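What follows is a short report on a single structure.
So that the names make sense, note that chain A is the first sequence line, chain B the second, and so on, each numbered from 1. In this text, all values refer to a predicted model and were calculated from it rather than measured experimentally.
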Amino acid sequence: MAERIYISDAGDHVGQEVSVQGWLYNKRSAGKLWFLLVRDGTGIIQSVVFKGNVNEALFQECEGITQESSVVVTGTVSEDKRSVGGFELQVSDLQVQQLAEEYPITPKEHGTTFLMDHRHLWLRSVKQNAILRIRHEIIRACRDFFDGRGFTLIDAPVFTPNACEGTTTLFETEYFGSKAYLTQSGQLYMESGAMAFGKVYCFGPTFRAEKSKTRRHLTEFWMIEPEVAYMDLDGDMDLAEDFVSHVVQTVLKNKQAELKAIERDTTALERVVKPFPRISYDEAVAILKKNNVEFEDGNDFGGTDETVISEAFDRPVMVHRYPAQIKAFYMKQDPEDESKALCVDVLAPEGYGEIIGGGQREDDLAVLQRKIKEHELPEEAFQWYLDLRRYGTVPHAGFGMGIERVVSWICGLSHLREAIPFPRLMHRLSP
RNA sequence: UCCUCGGUAGCUCAAUCGGCAGAGCGGGUGGCUGUUAACCACUAGGUUGUAGGUUCGAGUCCUACCCGAGGAGCCA
């Protein structure tokens, strides 16, 4: 009985008879030869069926095997430069588990709507496979980073009773006769966690009912949010640049094959090492003015503004101290300039825009109560949050990083929808 | 919500001034001992998003609607 192996390990079995359990990716014929490209999720191996080596019935069967039929191929592993991947299988036996129906995704071009309609099958293709493996590596690097620094994972709830940043972008749902909302951030809960554990983070899905149809938005996306007690804005920026450079360098180290599969030029990624430039909002506005961008001082930056600012630097740039007016109620005001908030956005290079938003939180009870009133938020719903300022309040800070935006940036994707297995967009709820 | 663009074979697209609805891929049949999205020959495949209208004649022009894509705003 031939040993069952994964295609990624084929190089360790040259000269041995092994079997591979997978699916037919593509096939070609040349008279008395069949070239079956078999994939098993770990790779693709060319399996050569020579008429003289197998019985007539098996050779005949090759003709009928359709794309994506599930097959178990047995043969001897050999090294061959003519084969993509360098190894191939000289087939001695082949079993068809199931003869697939006509497969909709052919090796030729398709439009994105069609591919998105078949997302459950599209995941099988080489590029999508590579992207999602990189996503996995990014997530692992994120967790390793915080786990290795003594952070405790504190899971935030998905159902929430109130908004943390306005109500227009919340998904509302019925909850035993009252209303609940799907979370748009775990931050308020992380602040609670930081007061209990010192250093915490959460990682989970968040939801925004923004009616935005752009390549940078999903209605459901994954966010990792650290929060640290006794940390100020500078410490927050130190943490962010350590974090981002660790994630990028880890992917570069461990996922070269996948980056090559998606044809990502990694020279810009190799420059992502600390320190990152830190500029104030006012300095960022000056960059826009210098580049003749029409911009009204005091506004938030748009997508093209962010691109212009980030193009002034060769690595991610941290923009801090935005006008307090355009930021959320929980942001602490800069004691040296009350009109500014102690916040920071990290802008990725190459036009990928904001990947991180965070800052130091307001830790004074009276100020927070006043802000909640000013933002016309229901104070009732925030009593538990205000308790954090009543019982041992301390300076604290944190940030949120959108995983898909980072995947999109590291992979060089043109759209966020390929950065998550099953994207949820304004016009896309299935598959 | 607003702006722009689009909807033709299973898929990707073409169709000149309003004049016979076409190609590649995929499917089917046959051929080939080293193919790399193989190739060669033959073949089947259509209610042109929907509903009206103009016209001798509409994929093409007009009206309304439906669906989608990109962008704006907003954000990670």
Listing, residues 137-146 of chain A side-chain donor-acceptor contacts under 3.5 Å, not counting sequence neighbours, or none:
residue : atom : partner : partner atom : Å
A/E137  : OE1  : A/R140  : NH2          : 2.7
A/E137  : OE2  : A/N254  : ND2          : 2.8

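- The distance from atom CD1 of A/I326 to atom P of B/rG73 is 13 Å, rounded to the nearest whole Å.
- Residue A/L182 contributes atom CG, which lies 20 Å from atom P of B/rC75 at whole-angstrom precision.
- For A/E102, there are no side-chain contact (heavy atoms from CB on, under 4.5 Å) partners, not counting sequence neighbours.
- Between A/W34 atom CH2 and B/rC39 atom P there is a gap of 13 Å when expressed in whole angstrom units.
- For A/N55, the side-chain contact (heavy atoms from CB on, under 4.5 Å) partners two or more places apart in sequence, or in a different chain, are A/A57, A/L58.
- Near RNA chain B, meaning a heavy atom under 4.0 Å from it, residues 39-50 of chain A has A/Q46, A/F50 in order of number.
- Heavy atoms of A/I105 sit nowhere under 4.0 angstrom from any nucleic acid atom.
- The gap from the C1' atom of B/rG19 to that of B/rA44 amounts to 28 Å, rounded to the nearest Å.
- For the C1' atoms, the distance linking B/rA9 with B/rG27 amounts to 12 Å, nearest Å.
- Across all strands shown, A/D345 has no heavy atoms under 4.0 Å from either base or sugar-phosphate atoms.
- Using modelled atom types, no side-chain atom of A/E404 and backbone atom of A/R417 make a donor-acceptor pair closer than 3.5 Å.
- When the P atom is used for both B/rA15 and B/rG7, the distance is 11 Å, rounded to whole Å.
- By the side-chain hydrogen bond (donor to acceptor under 3.5 Å, both in side chains) test, A/D282 is found to be paired with no residue, residues two or more places apart in sequence or in another chain being considered.
- Remark: A/E379 pairs with A/Q369, A/I372, A/K373, A/Q383, A/L386 by the side-chain contact (heavy atoms from CB on, under 4.5 Å) rule, at least two apart or across chains.
- B/rA72 atom P lies 10 Å from atom CD of A/E306, rounded to whole Å.
- Mapped onto RNA chain B by nearest heavy atom, A/G400 and A/G64 fall at different nucleotides, with A/G64 at the one closer to the 5' end.
- In B/rC40 the O4'-C1'-N dihedral to the base is more than 90° from 0, which defines an anti nucleotide.
- A donor-acceptor contact under 3.5 angstrom links the side-chain atoms of A/R405 to the base of B/rC75.
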### Query
So what is the 5' to 3' dot-bracket string for RNA chain B, if pairs are Watson-Crick or G-U wobble with both distances under 3.5 Å, crossing pairs use [ ] and | means the partner sits on another strand?
(((((((..((((.....[..)))).(((((.......))))).....(((((..]....))))))))))))....
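- Counting only distance, with no hydrogens or angles, the side chain of A/E306 and the backbone of A/G303 share no donor-acceptor pair below 3.5 Å.
- Looking at which nucleotide of RNA chain B each of A/E102 and A/M426 is closest to, the 5′-most match is held by A/M426.
- Atom-to-atom, CD of A/Q90 to P of B/rG34 comes out at 14 Å; the value is rounded to the nearest Å.
- Of the possible donor and acceptor atoms, one in the side chain of A/K199 sits under 3.5 Å from a partner among the backbone N and O of A/R149.
- Atom pair A/N299:CG and B/rC74:C1' shows a separation of 12 Å (rounding to whole Å applied).
- Atom P of B/rC61 sits at a distance of 8 Å from the matching atom of B/rG18, rounded to the whole Å.
- Aromatic ring orientation, A/F171 versus A/F207: perpendicular (interplanar angle above 60°, classes split at 30° and 60°).
- For the pair A/Q67 CD and B/rG26 C1', the interatomic distance rounds to 9 Å; values are reported in whole Å.
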Tabulate below the donor-acceptor pairs under 3.5 Å that side-chain atoms of residues 405-414 of chain A make, not counting sequence neighbours, or state none.
residue : atom : partner : partner atom : Å
A/R405  : NE   : A/R216  : O            : 3.3
A/R405  : NH1  : A/E354  : O            : 3.0
A/R405  : NH2  : A/R216  : O            : 3.0

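- Every residue two or more places apart in sequence or in another chain that forms a salt bridge (charged side-chain N to carboxylate O under 4.0 Å, His left out) with A/R264 is listed here: A/E350.
- Considering only the side chain of A/R215, B/rG71 comes nearest among B/rG26, B/rU35, B/rG71.
- Within the structure, a side-chain polar atom (N or O) of A/H427 is placed less than 4.0 Å from OP1 or OP2 of B/rG68.
- Spacing between B/rG22 and B/rC65 at atom P, rounded to whole Å, works out to 34 Å.
- The base of B/rC11 has none of its N or O atoms less than 3.5 Å from a complementary donor or acceptor on the side chain of A/H110.
- Rounded to the nearest Å, the gap between the C1' atom of B/rG73 and that of B/rU16 is 41 Å.
- Evaluation of atom-type donor-acceptor distances gives no pair under 3.5 Å for the side chain of A/E101 against the base of B/rG27.
- Spacing between atom NZ of A/K51 and atom C1' of B/rG31 amounts to 12 Å, rounded to whole angstrom units.
- A/Q128 and A/R119 are linked by a side-chain donor-acceptor pair at a separation below 3.5 angstrom, with hydrogens and angles left out of the test.
- Put simply, OH on A/Y103 and CG on A/L121 are 4.0 Å apart, with the number rounded to the nearest 0.5 Å.
- Within 4.0 Å (heavy atoms only), A/T206 reaches no atom of the nucleic acid at all.
- Within residues 113-123 of chain A, the residues having any heavy atom closer than 4.0 Å to RNA chain B are, in order of number, A/T113, A/F114.
- Phosphate proximity of B/rA72 to A/R216: present, with a side-chain N or O under 4.0 Å from OP1 or OP2.
- Residues forming a side-chain contact (heavy atoms from CB on, under 4.5 Å) with A/D314 (at least two apart in sequence, or on another chain): A/R271.
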Table please: side-chain donor-acceptor pairs of residues 284-301 of chain A below 3.5 Å, with sequence neighbours left out.
residue : atom : partner : partner atom : Å
A/N291  : ND2  : A/I287  : O            : 2.8

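- Residue A/R428 is out of contact with every strand shown, counting any heavy-atom pair closer than 4.0 Å.
- Across all strands shown, A/L33 has heavy atoms under 4.0 Å from base atoms, whether or not it also approaches the sugar-phosphate.
- With C1' as the reference atom, B/rG26 and B/rC39 are 16 Å apart, rounded to whole Å.
- Candidate nucleotides B/rG31, B/rG34, B/rG73 were compared by shortest atom distance to the side chain of A/T214, and B/rG73 ranks first.
- Taking atom C1' in both B/rG49 and B/rA69, one finds a spacing of 15 Å when rounded to whole Å.
- The aromatic ring of A/F221 sits over the base of B/rA76, with ring centres less than 5.5 Å apart and planes tilted by under 30°.
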